[in-house]
There are 2 protein chains.
Amino acid sequence: MFNLEWYRIFWQTARHRNLTKAAGELHITQPSVSYAIKQMEEALGLRLFHRLSKGVELTEEGRALFEYVDQSFSMLDSAQKHLESLKQLNEGEIRIGASDYLIKHLLLPQLNTFHSTYPGIRIRLSHGKTPDITKRLKDGEIDCAFVHMPLHDPLLNIQTLVVLEDCFVVGEAYQELASRSLTMREVSELPLILFSQGSSTRVFVEQWFAAKGLSVTPDIELGSIELLAEFARLGYGAAFVSRSFVQEDLHSGKLYELKLDDPLLPRSIGFAVRRDRKLSVAAEQFVQMIGARLSEGL
Amino acid sequence: MFNLEWYRIFWQTARHRNLTKAAGELHITQPSVSYAIKQMEEALGLRLFHRLSKGVELTEEGRALFEYVDQSFSMLDSAQKHLESLKQLNEGEIRIGASDYLIKHLLLPQLNTFHSTYPGIRIRLSHGKTPDITKRLKDGEIDCAFVHMPLHDPLLNIQTLVVLEDCFVVGEAYQELASRSLTMREVSELPLILFSQGSSTRVFVEQWFAAKGLSVTPDIELGSIELLAEFARLGYGAAFVSRSFVQEDLHSGKLYELKLDDPLLPRSIGFAVRRDRKLSVAAEQFVQMIGARLSEGL
DNA sequence: ATGTGGTATAGATCACCTCTATATCATTAT
DNA sequence: ATAATGATATAGAGGTGATCTATACCACAT
C-alpha cells in the first residue's frame, strides 16, 4: 500500500527539485529519497519527476499531485500549530458547573486569576443544583463541577476541595446570647435569617433541625450571603452563614457567633469529574490552580 | 519525529471510535493501533482519546486534530482520484507544435480520432516554422513537435515518422510535357505554382533548384495545398506538391506528374520530444496512436 | 460467577526503510 | 581529451521500529 511518509519525501523533493537537497532537509540520505520516489511512482503507475542532469523536475502528473499534497501539508501544519496552541493554553475551553452560591463565592475569585493568566481560554459556566449539575456532568455537557458533599456516584471522580464551616451569627442587639451555649430548640425559636428555600445551604440547616424533630420558618429569607450578614448586623436575628465569610466581622465585633450544644457538622465542597474522561489541557490547568489556591486557605 | 502513518491510524480510530474496528479497516492488529496512538499522544504531549469501557472517544484536543486531519485526507483522496483520472486519460493536456501544413494534413485527421477517443484531454496546438517549434520544445513550452527533417539537436529525441515524396504536377494543358523526362532548367522555366515563401516545402524546392545554380520565381504563390492542385488542374502551370495528396488526380488523369532527370529527394517528417523529459500519460498515448496509424500508411 | 467486548502490555519477529559504497551520466573546467 | 564536479540510480548489508501473538486487564451485562 501507499506509505504516507512518501508524500513528505515527494513534497520536499518537489520543493527543492533536487534529491540530495531534499534528503538533507529530511535528514536521510539521497538513495533513500531516490528509493522512496521510485516506490511511489511504481505504486501510482506514473512518473512524477523528470530526471535531469542537474536535479529533477515535476512531470505534469507530478505537478497535479503536488498541488494537493502541498495543501494537505499546510493543513497538517495548521493542525500542529493549533494543538501547540491548545497545549500552551493560548486557546481552549472549560465547561464548569456549580451552584449559584459556589459560582459567586468560590469560583469567581479564582476564575479572575485564571482568566487573566490564560485570556485565550473560554470559560463556560452553567449553574444549577447539585443533582442537576451531576447529571450534566455525566452526560458530557460539562467537564467538571463543584458540588456539595456528600455525593457518591460510581461514574464520577469526586474529591473534597474545601470545608465550609457554618455558624449562626447575630449582631450587637443579640450580643448576650453569644455568652452561653444554646440548645437547638432555643436557636429554632430565634428570628432566623436564612438562605432561600431549596438552596444547598438551606437544605443543610433544615436537615440539622429536622434531626431533632424541629421544623423552622425563617423570619427573613434572602438570596445572597452579603445580605444575610447585613441583616444580622442590623439586629434582625440570627443568620446562618459560612464562618469564613464573616471572619472579619467576628473579629471586629460587628457580629457574634452563637455557641451551640450540638455542633454543626462541617460541610464539604467537592470537585467532580467523569471517571472515564481525561480533562482537557485547559481544564487540567484550571483544576491545578483551583487546588493550589484553595489549599492555601479560602 | 512524527510519522505520517500515525495520522491514518488516528483518523480511522476517530471515525470508528474503536481501536479494534480501526485495526480491521487498516488490516493490522489492535495492539498496533494502540501502540501507534500511544506514540502519537506522547509525541504531541496530549491525550487524543478518552479510553472508555466500550471504545474510545476523542478528547477536545483530539477533536481539534481530527478536523484538520480529515480535511487533509480528503485532499489526498482527491489527489489520488485526480491522478487516476490522468492515468485513465479522462483528463490531461498535450501541447503539440507543428507547421500549418503539417497541422492540417498530418495532424488533423489523427487528432479527430484521438479526441473522440479521449474527449477529456485538452489539445493545445501551436504552429510555427520548424526552427521556432524546436525552440519552444526545448524551452518546455510544448511537449512534442512534428518537424521537417533533417534536423539534429542533441537535446531532442527525433524519429522519422513518415516520408513525403514530392513531385511536380501539371493539368491537361501541359499533358505532353509528362511524356518525356525534363531537365531542372526546363522545369525552372515553366510557370510554377509554389507554396508561400518561407514554408518548409518552398525552402526545400528552392534548395533543390539552387543546387544546380538555378533560382526560381513562382508565377503563383499559394498558402494551401488544395489551391496548388486546383491551379495546376486548371492549367496555370506546374505545381510542387506531395505525391500522396494528388494520388487520385494522377490516377483519374486530371493531373500528370512530370518526369525529372534529377529525382527529388524524399523529405521526411519527424516527431521530436525532449530527450530528458518523459511524456505525460496523455502525450504518450497520443504518440502511440500517431505511430500506429502512420505505420499503416498515410 | 461467567461471558462479552473492549484496551493495554510484553516480548519476539520481520519487513522495509535507511545506510554505505559504487556506478553512471551530463556538464563544466582544465 | 581529460579530469572534476554534481547529479541520480543501483546493490547489498543492516538496524529499527512497526507489527504480530499471547495475555492481562477492565467494565459491564447476564
Side-chain angles (χ1 to χ4, degrees), chain A residues 1-43 47-59 62 138 140 152-157 273-278, chain B residues 1-43 47-59 62 138 140 153-157 274-278:
Chain A
M1 249 303 277
F2 211 85
N3 187 330
L4 283 181
E5 277 299 306
W6 294 346
Y7 280 126
R8 176 182 268 145
I9 295 175
F10 166 77
W11 188 71
Q12 287 288 3
T13 305
R15 281 159 47 84
H16 290 92
R17 305 156 159 265
N18 180 311
L19 302 204
T20 313
K21 299 250 176 61
E25 201 81 39
L26 294 159
H27 305 295
I28 57 179
T29 59
Q30 171 267 319
S32 301
V33 175
S34 177
Y35 175 77
I37 287 174
K38 198 175 164 193
Q39 294 292 313
M40 214 169 160
E41 290 180 329
E42 277 171 17
R47 191 136 266 242
L48 294 172
F49 292 99
H50 296 295
R51 271 62 164 191
L52 311 181
S53 62
K54 49 205 295 200
V56 294
E57 192 178 308
L58 286 169
T59 58
K138 287 191 279 184
H152 292 291
D153 193 308
L155 283 178
L156 301 182
N157 202 338
V273 294
R274 269 186 66 155
R275 192 177 287 282
D276 59 6
R277 274 190 175 57
K278 202 168 176 320
Chain B
M1 248 304 277
F2 212 85
N3 188 332
L4 284 181
E5 278 298 306
W6 295 347
Y7 281 127
R8 176 181 268 144
I9 295 175
F10 166 77
W11 188 72
Q12 287 288 4
T13 305
R15 281 159 47 84
H16 290 92
R17 304 153 162 268
N18 180 313
L19 301 204
T20 312
K21 298 251 176 64
E25 200 81 40
L26 295 159
H27 305 295
I28 55 178
T29 58
Q30 170 268 319
S32 301
V33 175
S34 178
Y35 176 75
I37 287 174
K38 198 174 162 193
Q39 294 291 312
M40 213 171 161
E41 288 180 330
E42 276 170 18
R47 191 138 267 241
L48 295 171
F49 292 99
H50 297 295
R51 271 63 164 189
L52 311 182
S53 64
K54 51 205 291 197
V56 295
E57 191 177 308
L58 286 168
T59 59
K138 288 192 278 185
D153 194 309
L155 282 180
L156 302 183
N157 202 337
R274 269 187 67 156
R275 194 178 286 283
D276 60 5
R277 274 187 176 57
K278 199 169 176 320

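Here the structure is a predicted model, which is why all the values come from computation and not from measurement. Per chain, numbering begins at 1; letters A, B, ... match sequence-line order.
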With side chains defined as the heavy atoms from C-beta onward, is the minimum distance between A/R275 and A/L155 less than 4.5 Å?
no

Counting any heavy atom closer than 4.0 Å, what does B/V56 reach on the DNA or RNA strands: base, sugar-phosphate only, or nothing?
sugar-phosphate

From D/dC20, C/dT18, D/dT8, nucleotide with atom closest to A/Q30 side chain:
D/dT8

Sugar-phosphate only, base, or nothing, as touched by B/N18 at under 4.0 Å among non-hydrogen atoms
sugar-phosphate

Which sits closer to the 5' end of DNA chain C, A/I28 or B/K54, going by the nucleotide each is nearest to?
B/K54

Can you identify which nucleotide, out of C/dA8, D/dT19, C/dG6, has its nearest atom closest to the B/S34 side chain?
C/dA8

Closest to the 5' end of DNA chain C, once B/Y35 and B/G55 are matched to their nearest nucleotides, is B/G55

Does the side chain of A/L58 come within less than 4.5 Å of A/F10's, by heavy atoms?
yes

Of the listed nucleotides (D/dC28, C/dT18, D/dT10), which one gets closest to any side-chain atom of B/S53?
D/dC28

Nearest to the A/P31 side chain among D/dA11, C/dT7, D/dT19, which nucleotide is it?
D/dA11

Does a side-chain N or O of A/K21 approach OP1 or OP2 of D/dG6 to a distance below 4.0 Å, or not?
no

Could you say whether A/R17 or A/L155 is positioned toward the 5' end of DNA chain D, judged by the nucleotide with the nearest heavy atom to each?
A/R17

